[in-house]
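Working notes, structure below.
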Amino acid sequence: MIVVPGPASQDLGRKVADMLKSKIVPVIFKTFPDGESYLRLDGDIKDEEVVIVQTTGPPQDVHIMQLFLMVDAAKHLGAERVTAVVPYPAYARQDKRFLPGEAISIETFIKLIEASGTDRFLTVNIHEEGVLKKFSIPAENLSAITLLAEHFKNKGLAGAFSLAPDKGALELAKEADKVLDGGCGWLRKERSRLTGEIRVEEKRFNIEGRNVIIFDDIISTGGTIAATVKMLKTQGARGVYAACVHPLLVGEAQRKIMQGGAEEIVGTDCVPSPVSVVSVAPLIAEALAKTGV
Ligand code: R5P
């Protein structure tokens with residue numbers, strides 16, 4: 001197996017290759033003056049199983065295009081099979097049409113991945129797991145929540161309450177609770193379609209004097225977590241921590257959450273960021289090794 005660490009996941013790709021003791025084929029890449037991407041796979045991959053690791057966090061469209069260019073180039077070089085490991089899959093949050101004329105962006109993303117020649121798709125905590133059924137190539141979703149929860153347990157936070165900031169994240173909180181064992185719950189959240197503003201429904205939990213860890217798949221603007229942290233602090237929580245798989249941390253997200261009273265934000269390297277302290281490399285390497293890519 002040969003691992004190609006894409007421009008957006010250089011460190012993670014290398015870690016995965018090290019764990020699998022696989023050869024790396026590097027990508028030479030640059031941006032043309034007009035903004036287009038150039039890349040070249042620098043090695044022999046003929047008849048090989050090739051794993052391309054490329055996340056699609058901001059700037060999403062550039063990273064997606066680079067992914068397509070890498071898959072296509074790998075096919076042209078004669079790769080036997082190409083697995084796209086996309087730790088953060090962009091465009092996954094719109095999986096329904098709310099208004100006529102809207103694109104269901106995850107469907108478009110899937111069609112384009114398949115059209116690029118990808119033979120197999122692997123991702124981590126995709127926003128809505130049900131969308132995997134829309135793939136016609138094998139597609140697998142891994143979960144980094146246990147790794148995140150173990151990180152907190154190792155910091156002495158066993159017994160903390162695991163909270164989902166919305167119903168969609170409840171499975172994440174339940175998974176974390178298997179490690180932390182302090183109980184779990186969820187909130188109801190509304191986002192204004194007009195302003196994007198978040199409103200978290202007031203709900204009381206038995207958390208006075210206790211540590212609470214909020215688990216979500218994505219932190220984008222930080223609005224969801226900041227509003228949740230504030231509510232938990234008014235209920236007397238001792239320390240409130242934010243954990244997410246995909247720390248997009250757009251604009252002032254980090255500042256907003258910390259000013260709301262959070263102790264810390266912890267994310268994974270699905271999206272490289274200043275808070276990406278938990279690596280998903282073991283998770284990805286294990287999945288690749290198991291299926292013998
Ligand atoms: C949405 O349902 C997701 O799970 C996250 O809660 C959301 O993307 C977070 O966005 P923001 O950080 O902008 O509130």
Side-chain angles (χ1 to χ4, degrees), residues 53-57 60-61 63-64 67-68 71 82-116 118-149 162-178 184-191 193 196 198 200-201 214-221 223-225 228 243-248 267-268 270-271 280 283-284 286-288 290-291 293:
V53 185
Q54 168 84 345
T55 200
T56 56
Q60 292 86 336
D61 297 356
H63 290 153
I64 288 171
L67 173 64
F68 298 155
V71 175
V82 176
T83 296
V85 174
V86 182
Y88 171 68
Y91 289 105
R93 277 175 289 179
Q94 178 133 23
D95 55 6
K96 291 183 196 67
R97 186 171 286 119
F98 299 97
L99 297 170
E102 281 181 352
I104 302 177
S105 56
I106 188 60
E107 287 188 358
T108 310
F109 181 74
I110 291 170
K111 280 182 206 155
L112 293 172
I113 291 269
E114 293 186 344
S116 71
T118 302
D119 296 294
R120 179 187 173 210
F121 182 80
L122 196 65
T123 190
V124 184
N125 292 102
I126 193 162
H127 184 63
E128 170 51 58
E129 195 163 18
V131 302
L132 294 183
K133 293 199 196 91
K134 297 181 192 276
F135 278 91
S136 47
I137 56 172
E140 194 183 341
N141 183 40
L142 309 172
S143 178
I145 294 298
T146 298
L147 289 175
L148 281 165
S162 301
L163 184 73
D166 58 31
K167 196 155 183 213
L170 179 57
E171 289 310 312
L172 310 187
K174 284 185 182 166
E175 194 181 328
D177 187 41
K178 287 192 187 133
C184 64
W186 61 282
L187 291 169
R188 217 181 289 272
K189 155 185 116 179
E190 273 171 33
R191 186 189 292 272
R193 283 204 175 280
I198 300 291
V200 177
E201 179 200 61
I214 307 164
F215 286 89
D216 207 351
D217 57 342
I218 301 167
I219 298 180
S220 180
T221 64
T224 302
I225 300 286
T228 308
C244 75
V245 180
H246 308 297
L248 304 184
T268 78
C270 283
V271 178
V280 293
L283 191 71
I284 292 170
E286 194 193 354
L288 292 170
K290 212 187 300 173
T291 49
V293 172

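- Remark: Thr268 OG1 to Leu147 CG distance equals 8.5 Å, nearest 0.5 Å.
- No side-chain donor-acceptor contact under 3.5 Å links Glu114 to the backbone of Phe135.
- Here the CG atom belonging to Leu112 is positioned 12.0 Å from the CD atom belonging to Glu107, to the nearest 0.5 angstrom.
- Between the NZ atom of Lys134 and the CD1 atom of Ile106 there is a distance of 9.5 Å, given to the nearest 0.5 Å.
- Nearest heavy atom pair, residue Gly267 against residue Pro247, reads CA-CG, 4.1 Å.
- Looking only at side-chain heavy atoms (C-beta outward), Ile113 and Phe68 come within less than 4.5 Å of each other.
- At least one donor-acceptor pair closer than 3.5 Å links the side chain of His246 to the backbone N or O of Val124.
- For residues 122-133, no pair satisfies salt bridge (charged side-chain N to carboxylate O under 4.0 Å, His left out), with sequence neighbours left out.
- Shortest non-hydrogen contact noted between Leu288 and Thr83 is CD2-CG2, 4.3 Å.
- Between the side chain of Thr56 and the backbone N or O of Ile64 there is no donor-acceptor pair closer than 3.5 Å.
- In this structure, a donor-acceptor pair under 3.5 Å is present between the side chains of Ser143 and Asn125.
- Of all heavy-atom pairs spanning Cys184 and Ala173, the tightest one is CB-O, 3.9 Å.
- Thr123 contributes a side-chain N or O that, together with a main-chain N or O of Val86, makes up a donor-acceptor pair within less than 3.5 Å.
- Comment: Lys178 does not engage Glu175 in a salt bridge, judged by the lack of any side-chain N to carboxylate O separation of less than 4.0 angstrom.
- A donor-acceptor pair under 3.5 Å is absent between the side-chain atoms of Arg120 and the main chain of Pro138, judged by distance alone.
- A distance of 11.0 Å separates CD of Glu140 from CD1 of Ile284, quoted to the nearest 0.5 Å.
- Contact of the Asp61 side chain with the Tyr91 side chain is registered, since non-hydrogen atoms from C-beta on lie closer than 4.5 Å.
- How far CG of Leu132 is from CD1 of Ile137: 10.5 Å, rounded to the nearest 0.5 Å.
- Shortest non-hydrogen contact noted between Ala176 and Ser162 is CB-OG, 3.8 Å.
- His127 and Ala92 make their closest contact through CB-O, 4.0 Å (heavy atoms, listed as atom of the first residue, atom of the second, distance).
- In this structure, Ser220 contributes its side chain and Leu248 its backbone to no donor-acceptor pair below 3.5 Å.
- For the atom pair CH2 (Trp186) and CD1 (Ile214), the distance works out to 16.0 Å, reported to the nearest 0.5 Å.
- Side chains of Leu148 and Ile145 form a contact here, defined as non-hydrogen atoms less than 4.5 Å apart.
- Closest heavy-atom contact between His63 and Gly57: ND1-O, 2.8 Å.
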Inset, instruction - Take Thr228 and Lys189 through the test side-chain contact (heavy atoms from CB on, under 4.5 Å) and record every step on the way to the result. - result: CA-CA 9 Å; Thr228 308; Lys189 155 185 116 179; over 6 Å; no
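- Checked by atom type and distance alone, the side chain of Thr55 pairs as donor or acceptor with a backbone atom of Cys270 at under 3.5 Å.
- Inter-residue side-chain proximity for Tyr88 and Ile218 is flagged as met; some heavy-atom pair is nearer than 4.5 Å.
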